[in-house]
Amino acid sequence: MGTEVSVTLWHDDALLARRAIDAVMAQMQGIDERWNPAAPGSELYRVNRQAALGPVAISPELAGVIDKALYYSRLTEGAFDISFASVGQFYDYRTGVAPGEEQRQDALPAIDYRLLQLDRDALRLGFGHPAMRIDLGGIAKGYAVDRAIDLLWQRGIRHASVSAGGDTRLLGDRRGRPWMVGIRNPRQDDDVALVLPLEDVAFSTSGDYERFFIDPDTGARIHHIINPRTGLSAGGVVSVSVIGPRGFDTDPLSTTVFVLGVDQGLALIDSLPDFDAVLIDAQGLVHYSSGLVE
Ligand code: AMP
Ligand code: MG
């Protein structure tokens, strides 16, 4: 997943604690190996190579994640769309590469969740456009932290925090006190803009500082959250954090709200009873969903 994983937990037995952490790391690695679209041999690599030729067999686990992704696509008319990768694959943030104008225009019609043909019963997936590609970067980390917390719970652990990049899931509290979760100052490394006391929830942050480069010609920040309508980096906000019961929802929602921007994004969160959000806009102003200000 190209990101840092951290686990904090309490267990009376140091050896069992160590084994639990090892098990979480192994599970994370497994998810990364299955769904890394760049790794030949991964399930996602195979799907991306073959699904445009006709429906391909997929695992029940992948079907479940794509089903959830499609749910958020439908809810937002495509602000969240795993087929963003049809254009997204042409960005390389590390080396400062963006798709050319023609390349972007040609691939843009392939970003369309309605052309993803998922058969959950037969466990098959087809692409309705030859240039279509999918990527689970906006949902897999939240799924992974949920799986990690399930695993820890099964091993008797009741106080834990698991993070994969910007996605965190908390189990219980920090032994009598809440976990203190920080939202980074988006324009200053190592500076925290806001700290929230939380327990037993998931917390996902999407920020334009995570993977980006500055266009040498225009000075524009080219970052990893893509507006599916344009194939360009989404503008308007610089950081979105979503709080809710599960990472499987807060992860796609943070990406979605980032694409939607302040007004539409907050309207979406306020329509969902279990979720709250904190947004930082391009002027540095902080916006809260109504559940946090009432
Ligand atoms: P996050 O850090 O959770 O906001 O996820 C960002 C990642 O989601 C990116 O690195 C892409 O892999 C993926 N992504 C970017 N734009 C979209 C989008 N519009 N819909 C779904 N996934 C996206
Ligand atoms: Mg996210």
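Whatever order the structure lists them in is the order used to number ligands and atoms, beginning at 1. Values reported hereafter were calculated over all heavy atoms of this structure, with side chains retained and with hydrogens, waters and symmetry mates removed. No experiment lies behind these values; they were computed from the predicted model shown.
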Proximal atoms of ligand 1 relative to I225 (non-hydrogen, under 4.0 Å): 4 (O), 15 (C), 16 (N)

Counting heavy atoms under 4.0 Å, the part of F80 that contacts ligand 1 is both

Atom 11 (C) of ligand 1 - nearest protein heavy atom and its distance: F84 CZ, 3.2 Å

Take the angle between the ring planes of H223 and F258 and call it parallel below 30°, perpendicular above 60°, tilted in between. perpendicular

Would you mind finding which of V242, V257, I226, I111 brings a heavy atom closest to atom 18 (C) of ligand 1? I226

Proximal ligand 1 atoms for D81, defined as those under 4.0 Å from one of its heavy atoms: 18 (C), 20 (N), 21 (C)

Sub-4.0 Å atoms of ligand 1 with respect to non-hydrogen atoms of S206: 1 (P), 3 (O), 4 (O)

Short list, please: which atoms of ligand 1 are under 4.0 Å from a heavy atom of K141? 2 (O), 3 (O)

Donor-acceptor pair, side chain of N227 and main chain of A234, under 3.5 angstrom: no

Residue-ligand contact P228/ligand 1, heavy atom below 4.0 Å: yes

What distance separates R94 CZ from F212 CZ, expressed to the nearest 0.5 Å? 14.5 Å

Could you see which bit of A79 sits under 4.0 Å from ligand 1, with heavy atoms only: side chain, backbone, both or neither? backbone

Kindly identify the option in R229, R211, H224 whose heavy atom sits closest to atom 2 (O) of ligand 1. H224

How long is the gap from NE2 on H129 to CG on L116, to the nearest 0.5 Å? 12.0 Å

Please determine whether residues Y71 and I139 belong to a single hydrophobic cluster, defined as Ile, Leu, Val, Met, Phe, Trp and Tyr linked transitively by side-chain heavy-atom distances below 4.5 Å. yes

Should the proximity of D135 to ligand 1, defined as any heavy atom under 4.0 Å, be assigned to the side chain, the backbone, both, or neither? side chain

Those atoms of ligand 1 less than 4.0 Å from some heavy atom in T255: 1 (P), 3 (O), 4 (O), 5 (O), 17 (C), 23 (C)

Between R147 and E61, is the closest basic N to carboxylate O distance under 4.0 Å? yes

Would one find an N, O or S atom of D251, in either backbone or side chain, under 2.8 Å from the Mg ion (ligand 2)? yes

Ring centres of W35 and Y143 under 6.0 Å apart? yes

Quick check with a 6.0 Å cut-off and a 45 degree axis cone: is R211 positioned over the face of Y93's six-membered ring? no

Side chains of E33 and S42: is there a donor and an acceptor less than 3.5 Å apart? no

Specify whether an N/O/S atom of S204 falls short of 2.8 Å from the Mg ion (ligand 2). no

So if I count the atoms of ligand 1 from 1 in the order they appear, which ones are less than 4.0 Å from some heavy atom of G137? 5 (O), 7 (C), 8 (O), 12 (O), 13 (C)

Do D251 and ligand 1 have an N or O pair less than 3.5 Å apart? yes

Backbone or side-chain N/O/S of T255 under 2.8 Å of the Mg ion (ligand 2): yes

Within 45 degrees of the axis of the six-membered ring of Y209 and under 6.0 Å from its centre: does R184 put its NZ or CZ there? yes

Cation-pi check, R158 onto W10 ring (under 6.0 Å, within 45° of axis): no

